[in-house]
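One structure is given below, encoded as structure tokens.
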Amino acid sequence: MSNLYQTTYNPDVLECLANLSSDEVFTPPEIANKMLDLLPKDIFKNPNSRFLDPASKSGVFLREIAKRLIVGLEEAIPNLYERLDHIYQNQLYGIAITELTSLVSRRSIYYTKYPQTDFSVSKFDNAEGNIIFRKYPHTWKNDTCIYCGATRKSLDRDESLETHAYEFIHTNNPKEIYDMKFDVIIGNPPYQLDDGGAGASAKPIYQLFIQQAMKLNPNYLVMITPSRWFSGGKGLNQFRAEMMSDKRFREIHDFFDASEVFPGVEIKGGVNYFLWDRDYNGDTLMVSHSNGKVVSKMKRPLQFEDNDIVIRYNEAIDILSKVSKLNEDTFSSIVSPRKPFGLATNFKGFNKTKQNEKDIKIYANKIEGWLPNNFEFSRNEDAVGKWKVFMPYAVGSGDMSEDEFKPFIGEPNSVATETYIMVGPFNSEDEAKNSISYIRTKFFHFMVGLRKVTQHATSKVYKFVPIQDFSKPWTDEELYEKYDLSEDEINFIESIVRPFETDEVE
């Protein structure tokens, strides 16, 4: 039996599962162990410590914990068979997210799907062991689940189909699931659910697992989630504010490219895992990972000054401090909200050809048209006759290296649909051109990228961008000098932002 636990598994079935692409991604054992490395080593020597995975999929966390306990408790419980029974019966607990994952998890941990049999590494008197799965219903109010936000249309279906009503987050009191105290809660929760919106609209739910886990008040909480909550995410404003004000986050490890954690899986904005320590009160060690290595570390508050987002890049803290010292107005003050003239993306009420000399030019979705001069706009009517700049509202994936702002000049007597946002208006064509010179700088793109984690570029993503004097054009060199940026700071900006194309301003 002892040789079994000293064997290196090759190939590892969990490594294979980890490569599957899904919103409910499986965690590779290597990452699970890095997350476990955040915990104090003594916890694996304590025969009274309890561990819970509230979103068990492959069982990898509990399996790797078992390995550590088997070694750590050797002195406290010398007999291997007694040690195994104690660990599996009293220390490891899981809540599976589906019936299938409950079977996979039990197979990973107990070496059989049914731990009441003699095939189990520790025999239980029931078919679940300590890895439970109960089919829970959604609780509908106005056709929306009051717990997870799923829509009745998308998930109210035949009982034979998975409804994704995860037990851990479909209760007001998670203590009722396991009536016990847990020292460690660790896991990789499901990330999102269809919320019934247009297209592939989805609502994040990983934050609900974090909030429920905190209700149980463990000594330690370790979870891996998308990093989009740092500055975006549908409905995550309150959650982000709670996280930023919580001084119990000891470490956050942030991966800019999620495929470094989940091979073959694309998660926009990257992923992170964190250690929340109930008895800690202080700054957070932010560790940035890129291309397989740690690129920066900094112990700092999650909240920078009075900002409403987590600044992702450690190197950006000093840059932001230098920029904010000048106390300039922000570029967001001249960026319109969505639908700058009140016209939706699907607006079709325009002519394809000019009917009258005074017709108003309209820039729509990849086409241009004309509106009668007496057309009434619901907003920004005073800007119709002035110079302005238009930029796409949806820009790439949110990555700093995107090169798709592609601003262009909107001449007097022109408007645009929701496909674009408006910058301005300006008093002259030169001012509009000079604003585009600024928009095309790496400095501008970098400052935008600090807040932009989704493809939609609303006015709030320009909050960190200082406004400039547009009586002149701007270059990166002038901006670096103006804000007294060091050579290292300049190199950092230029290392993560591609320049815009140098074509003539339209």
Side-chain angles (χ1 to χ4, degrees), residues 231 312-313 315-316 319-320 322-324 326 328-336 340 363 366 368 383 386-412 414 416 419-485 487 489-506:
S231 56
R312 186 172 198 179
Y313 296 88
E315 298 87 344
I319 297 173
L320 275 172
K322 290 180 178 181
V323 171
S324 63
L326 299 188
E328 297 169 302
D329 289 337
T330 71
F331 196 81
S332 61
S333 65
I334 60 170
V335 177
S336 72
Y363 294 95
K366 298 181 180 179
E368 299 173 8
K386 297 181 179 180
W387 292 95
K388 51 261 177 190
V389 170
F390 293 125
M391 295 192 298
Y393 168 55
V395 184
S397 65
D399 191 292
M400 273 192 194
S401 61
E402 293 292 346
D403 188 22
E404 301 176 13
F405 276 88
K406 300 192 185 303
F408 63 93
I409 288 178
E411 65 273 33
S414 68
T419 300
Y420 304 97
I421 56 172
M422 179 189 76
V423 179
F426 300 100
N427 294 321
S428 68
E429 182 179 10
D430 282 343
E431 284 188 353
K433 287 183 175 180
N434 292 338
S435 74
I436 289 181
S437 72
Y438 180 47
I439 291 168
R440 283 179 166 167
T441 62
K442 292 182 180 180
F443 173 84
F444 179 96
H445 209 173
F446 172 78
M447 300 300 284
V448 171
L450 295 179
R451 296 187 64 91
K452 186 176 182 296
V453 293
T454 66
Q455 66 174 352
H456 294 116
T458 59
S459 60
K460 69 180 182 180
V461 307
Y462 302 95
K463 184 178 178 181
F464 287 161
V465 183
I467 204 165
Q468 305 297 336
D469 174 8
F470 294 126
S471 65
K472 63 176 292 299
W474 288 91
T475 65
D476 273 312
E477 289 69 28
E478 291 173 304
L479 293 163
Y480 296 155
E481 183 178 357
K482 175 180 177 178
Y483 296 108
D484 193 28
L485 300 190
E487 184 176 347
E489 290 165 343
I490 293 171
N491 289 339
F492 176 70
I493 291 175
E494 302 215 345
S495 70
I496 62 174
V497 181
R498 290 200 303 265
F500 282 97
E501 298 174 2
T502 57
D503 53 334
E504 293 297 320
V505 175
E506 297 178 21

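Exactly one of Leu479, Asp469, Asp476 qualifies for a side-chain contact (heavy atoms from CB on, under 4.5 Å) with Tyr438. That residue is Leu479. No option in Ser435, Ser437, Ser428 other than Ser435 meets the side-chain contact (heavy atoms from CB on, under 4.5 Å) test with Phe470.
Using a 4.5 Å heavy-atom threshold, the side chains of Ser336 and Ile421 count as touching. A 4.5 Å side-chain heavy-atom check between Leu320 and Met447 finds at least one atom pair inside the cut-off. Contact of the Tyr483 side chain with the Leu326 side chain is registered, since non-hydrogen atoms from C-beta on lie closer than 4.5 Å. In this structure, the side chains of Phe444 and Phe331 come closer than 4.5 Å at one or more pairs of heavy atoms. Using a 4.5 Å heavy-atom threshold, the side chains of Ser414 and Lys388 count as touching. Annotation: side chain of Pro407 is not in contact with side chain of Val423 (no heavy-atom distance under 4.5 Å). For the pair Glu478/Phe443, no side-chain contact is recorded, criterion being any heavy-atom separation below 4.5 Å from C-beta on.
Below 30°, between 30° and 60°, or above 60°: for Tyr363 and Tyr420 the angle between ring planes is above 60°, a perpendicular geometry.
Across all non-hydrogen atoms, the minimal contact from Ile467 to Ser333 is CD1-OG, 4.1 Å. Of all the heavy atoms in Thr330 and Tyr462, the pair that sits closest is CB-O, 4.2 Å.
Formation of a donor-acceptor pair under 3.5 Å by the Arg451 side chain with backbone atoms of Lys460 is found in this model. Panel note: side chain Lys442, backbone Ile493; no donor-acceptor pair is recorded below 3.5 Å. Using modelled atom types, one side-chain atom of Glu431 and one backbone atom of Asn427 make a donor-acceptor pair closer than 3.5 Å.
Note that the CG atom of Leu450 and the CZ atom of Arg312 stand 11.0 Å from one another [nearest 0.5 Å]. Between the CD1 atom of Ile319 and the CZ atom of Phe492 there is a distance of 6.5 Å, given to the nearest 0.5 Å. Between atom CG of residue Asp430 and atom NZ of residue Lys472 there is a gap of 13.0 Å, rounded to the nearest 0.5 Å. Summarising the geometry, atom CD1 belonging to Ile496 is positioned 5.0 Å from atom CZ belonging to Phe446; distances are rounded to the nearest 0.5 Å. Rounded to the nearest 0.5 Å, atoms OG1 (Thr475) and CZ (Arg440) are 14.5 Å apart.
In this view, Glu477 satisfies the side chain to side chain donor-acceptor pair (under 3.5 Å) rule with no residue, not counting sequence neighbours. Looking at residues two or more places apart in sequence or on another chain, you find a salt bridge (charged side-chain N to carboxylate O under 4.0 Å, His left out) between Glu411 and Lys361.
With a 6.0 Å radius and a threshold of 12 heavy atoms from other residues, nucleotides or ligands, Glu481 has its CD atom at or below the threshold.
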Going through the checks in order, is the side-chain contact (heavy atoms from CB on, under 4.5 Å) test met by Phe426 and Asn434? CA-CA 10 Å; Phe426 300 100; Asn434 292 338; over 6 Å; no
